[in-house]
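Scroll down for the structure; my scribbles are underneath it.
Both ligands and their constituent atoms are indexed starting at 1 by order of listing.
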Amino acid sequence: MKTSQEWIDLGKKVLFGNYSRIPVAPVRGEGCRVWDADGRCYLDFVAGIAVNALGHAYPKVVDAIEKQARAMLHCSNLYNIPPQIELAELLVAQTFADRVFFCNSGAEANEAAIKLARKYSHDQYGKDRSGIVTALSSFHGRTMATLTATGQEKVRLGFDPLLPGFQYVPYGDAAALEAALDDTICAVLLEPIQGEGGVNVPPEGYLQAVREMCDRRGVLLIFDEIQTGCGRTGKLFAYQLEGVEPDIMTLAKGLAGGVPIGAMLAREALAASFGPGTHGSTFGGNPLATAAGCATIRSLLEDGVLDNCVASGRHLVARLEELRGKYPALVKEVRGRGLLVGMELEVPGAPLVQAALAKGVLLNCTREKVLRFMPPLIVSTGEIDAMITVLDDILSAQG
Ligand SMILES: *Cc1c(COP(=O)(O)O)cnc(C)c1O
């Protein structure tokens with residue numbers, strides 16, 4: 001058995017250096033806690049970047065995976081896959097959507113959404129109407145289409161030529177979006193709350209205004225709910241917070257509780273544009289992943305997880321607001337919905353993440369100065385208080 005440090009050193013030798021990794025090697029988890037290779041315990045407020053929605057080793061998800069692994073791990077989409085059909089039925093019942101396409105990651109789900117929007121527009125209106133508008137500070141993935149869609153220079157730098165037909169507008173600015181919607185545009189792609197961009201909640205009425213301008217112009221509205229979906233904001237999907245329905249929605253991250261999965265959901269009107277042979281994925285909707293997805297979505301709906309998310313989210317925001325009151329020179333703002341919460345700092349966040357690690361808490365920082373809290377949706381107020389005590393210590397030591 002290797003120590004954490006041995007794993008860290010070996011990883012540095014044999015893996016690409018494309019991640020600046022936090023120096024810890026977690027090997028086991030239960031609920032909101034993880035243990036590293038040295039047996040040290042950490043409170044997990046990152047949850048695999050909003051992936052471990054039900055925490056670690058949630059019994060119903062583990063049971064579903066065990067059962068499915070014994071029955072059948074993989075089956076091609078040449079055939080009918082019962083757990084895939086079940087998960088699609090669950091998602092259709094819970095959303096605006098009529099149909100689901102499964103893939104393996106968020107980027108792939110957004111790729112599918114971009115392809116569907118362009119194909120639909122091509123089928124309806126012919127060529128020259130393939131433009132897609134996205135927001136500055138957005139994040140949509142790392143494939144060529146999705147990094148082009150991402151409104152952050154640093155993600156695109158060095159990878160040109162990018163895909164043609166994308167443009168960016170400031171997030172939350174309805175007038176700027178309206179101005180960009182000429183007759184070359186087929187779709188608008190937005191996160192209902194920007195995650196990687198710093199937990200940016202749009203002004204009230206923004207999503208409604210976007211829906212209306214898309215309707216007026218026959219432009220498709222795509223919501224990237226890869227981070228905000230699957231219970232993260234206290235509703236099963238964030239669009240349900242304000243009742244603004246998209247035409248297409250993408251999911252991944254928490255959808256199968258930690259097993260890789262992605263999904264694209266859409267209204268019936270778009271279905272004809274994805275006929276036989278238009279799109280596909282070998283692993284997409286794989287029996288193992290979709291069985292885990294069924295167990296995850298059912299648990300979110302049946303185990304009181306959404307209510308816990310709302311209550312724990314309120315508690316978390318209240319406790320972070322206390323810290324903002326106590327350290328006004330260090331903490332600028334607290335914002336978010338449910339258990340997707342950002343605390344914008346006046347100082348760089350990386351040293352705080354390091355300090356929290358040393359005190360047994362996993363925290364995340366995005367956009368240099370935003371601590372982003374996205375614990376498992378089953379997190380208790382006691383666990384939040386334990387994290388707050390550590391964060392309070394760290395902030396007080398900043399002087
Ligand atoms: C994480 C994320 C993605 C990319 O998902 P991958 O599974 O890493 O490809 C896309 N959009 C949003 C909003 C995300 O949070």
Identity and separation of the nearest protein heavy atom to atom 11 (N) of ligand 1:
Asp224 OD2, 2.7 Å

Below 4.0 angstrom, N of the basic side chain to O of the carboxylate: do Asp9 and Lys13 qualify?
no

Would one find more than 12 heavy atoms of other residues, nucleotides or ligands at under 6.0 Å from atom CZ of Phe283?
no

Any carboxylate oxygen within less than 4.0 angstrom of a Lys/Arg side-chain nitrogen, looking at Arg324 and Glu321?
yes

Please report which non-hydrogen protein atom sits nearest to atom 2 (C) of ligand 1, along with the residue it belongs to and the distance in Å to one decimal place.
Lys253 NZ, 2.5 Å

Listed once per pair and sorted, the side-chain hydrogen bond (donor to acceptor under 3.5 Å, both in side chains) pairs that draw on residues 216-226, sequence neighbours left out
Asn110-Asp224, His140-Asp224, Glu178-Arg216, Glu225-Thr228

Assess whether ring pair (Phe, Tyr, Trp, His ring centres under 6.0 Å) is satisfied between Phe237 and Phe96, documenting all intermediate values.
CA-CA 10 Å; Phe237 302 104; Phe96 70 94; 8.6 Å; no

Looking at Arg129 and Asp182, is there a salt bridge between them, counting it only when a charged N and a carboxylate O are closer than 4.0 Å?
no

Could you see which bit of Thr228 sits under 4.0 Å from ligand 1, with heavy atoms only: side chain, backbone, both or neither?
neither

Nearest non-hydrogen protein atom to atom 7 (O) of ligand 1, with distance, is Gly106 N, 2.8 Å

Protein contact of atom 3 (C) of ligand 1 - nearest heavy atom, named by residue and atom, plus distance
Phe139 CE2, 3.6 Å

Side chain, backbone, both or neither: Ala252 near ligand 1, heavy atoms under 4.0 Å
neither

Are the charged groups of Lys369 and Glu346 less than 4.0 angstrom apart, N to O?
no

Check ligand 1 against Ser105 and write out every atom of the ligand that is under 4.0 Å from a heavy-atom position of the residue.
7 (O), 9 (O)

Starting from atom 9 (O) of ligand 1, locate the nearest protein heavy atom and write down its residue, its atom name and how far away it is, to 0.1 Å.
Ala107 N, 2.7 Å

Would you say the side-chain atoms of Ser121 pair up with the backbone N or O of Ala117, donor to acceptor, closer than 3.5 Å?
no

At under 4.0 Å between heavy atoms, is it the side chain or the backbone of His140 that contacts ligand 1, or both, or neither?
backbone

Which ligand 1 atoms, with their elements, are less than 4.0 angstrom from a heavy-atom of Asn110?
10 (C), 11 (N)

Give the atoms of ligand 1, by number and element, whose distance to some non-hydrogen atom of Glu191 is under 4.0 Å.
13 (C)

